[in-house]
Q: 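Quick one: the structure is below, and I'll ask about it shortly.
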2 protein chains.
Amino acid sequence: MRAIARDAVRARISEVAVDLFDEHGFDHVTVEQIAAAVGVSPRSVHRYFPAKEDTVIGDPAGWGEHVRDQLVARPSEEPVWEALLASYEALLATPGRNEEQGRKAMRVLGSTPALRARNLEKHLLWARMLTPVVAERLDGDHRDLRAETIVQASLACFDIALTAWAEDDAAESAVALLRRSFGALQPTA
Amino acid sequence: MRAIARDAVRARISEVAVDLFDEHGFDHVTVEQIAAAVGVSPRSVHRYFPAKEDTVIGDPAGWGEHVRDQLVARPSEEPVWEALLASYEALLATPGRNEEQGRKAMRVLGSTPALRARNLEKHLLWARMLTPVVAERLDGDHRDLRAETIVQASLACFDIALTAWAEDDAAESAVALLRRSFGALQPTA
DNA sequence: CCCATTCTGTCAGTCTCTGCCACTTGTGGC
DNA sequence: GCCACAAGTGGCAGAGACTGACAGAATGGG
């Protein structure tokens, strides 16, 4: 009911903010300007997004759960590395992701230290969700440390692929870059 | 001459700040309190550290160069992954690193999102320094993407090892944890 | 139509961080 | 010893992000 309107407003703020950041640079745009452009009060912007950076990042937890659910659904005989790759691919294939808007957001995201940092925090959140699932698939000693290493490495691949995809002007698809990045590493048996 | 005094003051501020953060939590300590505890003005604290978080992180660029120099000094026939491991080990073995102070800093560092974020930014800086060096050691196609993947994965290993070292109460040395984390991954030939 | 819930705007306030200017303090030349 | 000169410091004012509190407006169900 009301949740629909809420999501719509949220998406609108995010869209306007990314456009402004793309044009003028992240730290040359104030929350007040974003609010004025959307037509709401600055206070409301902060109600939808706890921090200015979050207007670009979006909701990390939601997508993280998505990836985790994909991962637990993979067949247990599949090697971890391939299962992780498949889970990220499923995320990229999700509909409702505007191609051009996503690329612009990634470009803005890479342009400012504060944003890159907040984005990497998202990865830590994902890592906490994925590590237990990965640990279950491992044998041998020190499963926790190994699982965390593998998960963080996979997240690094994900990030590298998306960054490269946003910079290179559509030279290659995000999935292709993701596969290649994953191909550069291999967990030890 | 004067640089010595400068470094001393800098170290002193950092030490006091970490202690306060450890006791009261990062965001319950204001810059004003740090300044008062050290005996300088808040304005001066900001002269030494551009951001509050930097009192814990220290100077990333300096250590990053150190790692890079270690890496370029490794024999060229050595596999990249081992060369990277050795470079990080050399960093950990650097004297002048107070064991207990370092562990406390790492603990504080993991306790607050803002600090974790800033720490991850340090990794990006290191990555930009190390990637070209690693790329030179690779053969085949897509060296840049593969080099970046390998470097970021190694930084993840470094971070995981240090975090585990700070949490587990000296159960194992940082170097041992680092080796094990590195052991969980392998670049593909 | 009325009521309760939710949303929004306004206001006041804290904290980080930055420019600016005046003041003090060492440093080197004479 | 004295005097420019640079460097460091403190205080002040201000921008900007973010938070809590409260009052009015919109929306849903009865």
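In what follows, chains carry the letters A, B, and so on, assigned in the order in which the sequence lines appear, proteins first and then strands, with residues in each chain numbered from 1. This is a predicted model, so every value here is computed, not measured. Hydrogens, waters and symmetry mates are skipped; everything else that's a heavy atom, side chains included, is used.
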Q: Out of dG9(C), dG16(D), dT16(C), which has the shortest distance to the side chain of H46(B)?
A: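 Of the options given, the side chain of H46(B) lies nearest dT16(C).
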Q: Taking CZ from R6(B) and P from dG26(C), how many angstroms apart are they, rounded to a whole number?
A: 17 Å
Q: So what does V45(B) touch, heavy atoms closer than 4.0 Å: a base, only the sugar-phosphate, or nothing?
A: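 Result for V45(B) = nothing.
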Q: Whole-Å distance between dC17(C) C1' and D27(B) CG?
A: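 After rounding, the gap between these two atoms is 17 Å.
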Q: Would you indicate which nucleotide in dA17(D), dC17(C), dT16(C) comes nearest to any side-chain atom of T30(A)?
A: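 That would be dA17(D).
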Q: Classify the ring geometry between F182(B) and W81(B) as parallel (under 30°), tilted (30 to 60°) or perpendicular (over 60°).
A: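 Geometry flag for W81(B) against F182(B): tilted rings.
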Q: Answer yes or no: does a side-chain N or O of S44(B) lie under 4.0 Å from OP1 or OP2 of dG10(D)?
A: yes
Q: To the nearest angstrom, how far is Q33(B) atom CD from dT16(C) atom C1'?
A: 14 Å
Q: For the residue pair F158(A) and Y88(A), does the interplanar ring angle fall in the parallel (under 30°), tilted (30 to 60°) or perpendicular (over 60°) class?
A: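 F158(A) and Y88(A): parallel rings.
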Q: Out of dA17(D), dG9(C), dG11(D), which has the shortest distance to the side chain of R43(B)?
A: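 Of all the options, the side chain of R43(B) is nearest to dG11(D).
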Q: Thinking salt bridges, do D141(B) and R146(B) make one under a 4.0 Å N-O criterion?
A: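 Judged by the 4.0 Å cut-off on N to carboxylate O distance, D141(B) and R146(B) do not form a salt bridge.
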Q: How long is the line joining CG of D54(A) and C1' of dC18(D), in whole Å?
A: 12 Å
Q: Whether Y48(A) contacts dC7(C) is assessed here as follows: a side-chain N or O lying under 4.0 Å from the phosphate OP1 or OP2. Is that the case?
A: no
Q: When you measure from the side chain of R47(B), which nucleotide among dG16(D), dT9(D), dC17(C) comes out closest?
A: dT9(D)
Q: Could you tell me if the side chain of Y48(A) sits less than 4.5 Å from the side chain of V40(A), heavy atoms only?
A: no
Q: Counting side-chain heavy atoms from CB outward, which of dC17(C), dG11(D), dG8(D) is closest to S41(B)?
A: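 Of the options given, the side chain of S41(B) lies nearest dG11(D).
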